[in-house]
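Computed from a predicted structure; not experimentally measured. Letters A, B, ... are given to chains in the order of the sequence lines, protein chains preceding strands, and every chain is numbered from 1.
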Amino acid sequence: MLDIKLIRENTEQVIELLNRRGGDFSYLIDLVEKDQRRRELIIEIEKTKAQKNETSKKIGLLKREGKDVSEILLQVETFGESLLDNEKELKELEEFIYSGLLNTPNIPNESIPVGKNEEDNLLLKTVGIIPAFDFEPLAHWDLGTKLDILDFERASKITGSRFTVYKGLGARLERSLINFMTDLHAHEHGYTEIIPPFIVNRDSMLATGQFPKFEEDAFRVVDERELFLNPTAEVPTINMHRNEILSGDILPIKYTAFTTAFRQEAGSAGRDTRGIIRQHQFNKVELIKFTKPEESYFELDEMLKNSERVLQLLGLPYRVVTLCTGDLGFSMRKTYDIEVWLPSYNTYREIGSISNAEDYQARRGNIKFKRTKDAKPEYVHTLNGSGLAVGRTVVAILENFQQKDGTIKIPDVLIPYMRTDIIK
RNA sequence: GGAGGAAUACCCAAGUCCGGCUGAAGGGAUCAGUCUUGAAAACUGACAGGGCGUUUGUAGCGUCGCGGGGGUUCGAAUCCCUCUUCCUCCGCCA
């Protein structure tokens, strides 16, 4: 959520920066005007309340002395009416402003490229060598089926489309990657392991920015409570500290969380229908940080390195791009995407995304810190990154490390987890 | 699933039946000071925070604040409704 004070004081500039995402954010002018009226009302209401409080106190004192209060009681009734009307108007204004703010995305960082879509993303670097096959490489869905490690047909019998059964060494590869990634971040990169709940409530979805705008992307649990399947570990893990004031000396907090993520993929009906690139359910190892404002961009770059390390150790070719304003996620000010080379697509595909939300989620979730015991609380900055998407890593390994005979060579770092150096 | 109990400031805890100088007793912890070569102990003092509004102001003032939300009342920690969480016992279950 953006700070209404910031919008109030820099209306033009905020609108201009937001417009870089595409769309028209001039409605913020109306929001600022409503905010003006809101503050006028607060002054009036609080004046009346102060009067009322004082009179009530007086009644208490007089009653204690056994004096007659009927006259003063009549007098106090007149406060009521104007208060009721004003409070009703104030509530409506506040709801309007709050809803407006909840539906307004984060301001893009001024340094990131202005652009319409992924074509305008800025290439930062390309790492590794694209494999040259002396045979016709197969797509992972063919490899998976031939090796009997991915079963799409049975998954659709069990549930429906966009689900997969992992079987045998396929299942083990998935599980090996989860452990390998988590071990790497926990032991070598200094993150604390987390396994959060995979079901979250509405407030959590609201704090990280999935709701209210992207409710259709979530799986809802049919229940009298309003609960949703976790769409990304960012949601439960950032929300661990919702409504908390953290002590400054424990920052930055670094978590690596394993979750299974569930997404409707509502807007992607016809896309990536084959294979496991785009599933309703997939596993992810995520990196989450809570930092002081002045440290967040340093920590963002560190996080990118931590994510890249996974691909480097696995020996997968990838590239890193800075997302342009048009491709930037709703809650984020700056995002790097890591894209891995996929032979079947003959291109790089997103395998991870590392973002700084600055204080946007912290403000929605009321997550603060104090520099010292007596200091005024300030909002933390929240960061999250993939460390990485496990399913897509499986795809990358199958496709990049396939051999002429249809077997898959296992990267050295995974052999201890896999207990084999080949899938055949 | 059934039957009970609880939620008060950093922690513990009184107040809630019978609404009014309770914007919240008391204790612990913490911080500052006295004493001491230094420390401990003892003693003295400070200790509700956070949001919002006003304001040049981390000053002052106002407002809200006793798990969350709503209501009754001139006035609510205290009465009513509702939700959440935790605890005890029974049942079921990995």
Phosphate contact ([N] OP1 or OP2) by [X] side-chain N/O below 4.0 Å:
X: A:N53; N: B:U63; answer: yes
X: A:R39; N: B:U54; answer: yes
X: A:K47; N: B:G62; answer: no

Q. With both distances kept under 3.5 Å, what pairs with B:G4, Watson-Crick or G-U wobble?
A. B:C87
(Q) Partner lookup for B:C52, please. Criteria are Watson-Crick or G-U wobble with both distances under 3.5 angstrom; report none if nothing qualifies. (A) B:G62
Touch check for [X], heavy atoms < 4.0 angstrom, all strands: base, sugar-phosphate only, or nothing?
X: A:R363; value: nothing
X: A:K368; value: sugar-phosphate
X: A:I42; value: sugar-phosphate
X: A:K49; value: sugar-phosphate

Nearest-Å distance, [atom1] ([X]) to [atom2] ([N])?
X: A:D35; N: B:C52; atom1: CG; atom2: P; answer: 11 Å
X: A:L84; N: B:U72; atom1: CG; atom2: C1'; answer: 14 Å
X: A:E87; N: B:G70; atom1: CD; atom2: C1'; answer: 13 Å
X: A:N243; N: B:G69; atom1: CG; atom2: C1'; answer: 14 Å

**Q.** Smallest separation among heavy atoms of A:A396 and A:V340, with atom names
**A.** CB-CG2, 3.8 Å
Q | Contacts of A:H140 that satisfy ring pair (Phe, Tyr, Trp, His ring centres under 6.0 Å) - sequence neighbours left out | A | none
Q | Aromatic ring proximity, centroids under 6.0 angstrom, A:F369 and A:H241 | A | no
(Q) I want to know whether A:F219 and A:F228 have ring centres closer than 6.0 Å. (A) no
(Q) Once you measure the plane-to-plane angle for A:H189 and A:Y191, does it fall in the parallel (<30°), tilted (30-60°) or perpendicular (>60°) bin? (A) perpendicular
Q.
I need the single residue from A:R175, A:R172, A:E174 that forms a side chain to side chain donor-acceptor pair (under 3.5 Å) with A:Y166. Which is it?
A. A:E174
Q. Is it true that the side chains of A:S204 and A:N201 contain a donor and an acceptor less than 3.5 Å apart?
A. yes
(Q) I want to confirm an ordering. Mapping A:A375 and A:Q51 to their closest nucleotides on RNA chain B, which one lands closer to the 5' end? (A) A:A375
Q.
I want to verify a distance call: between B:G53, B:G50, B:G75, whose nearest atom is closest to the A:I43 side chain?
A. B:G53
Polar atom pairs between nucleotides 83-87 of chain B and protein, under 3.5 Å, N or O only, would you list them?
none

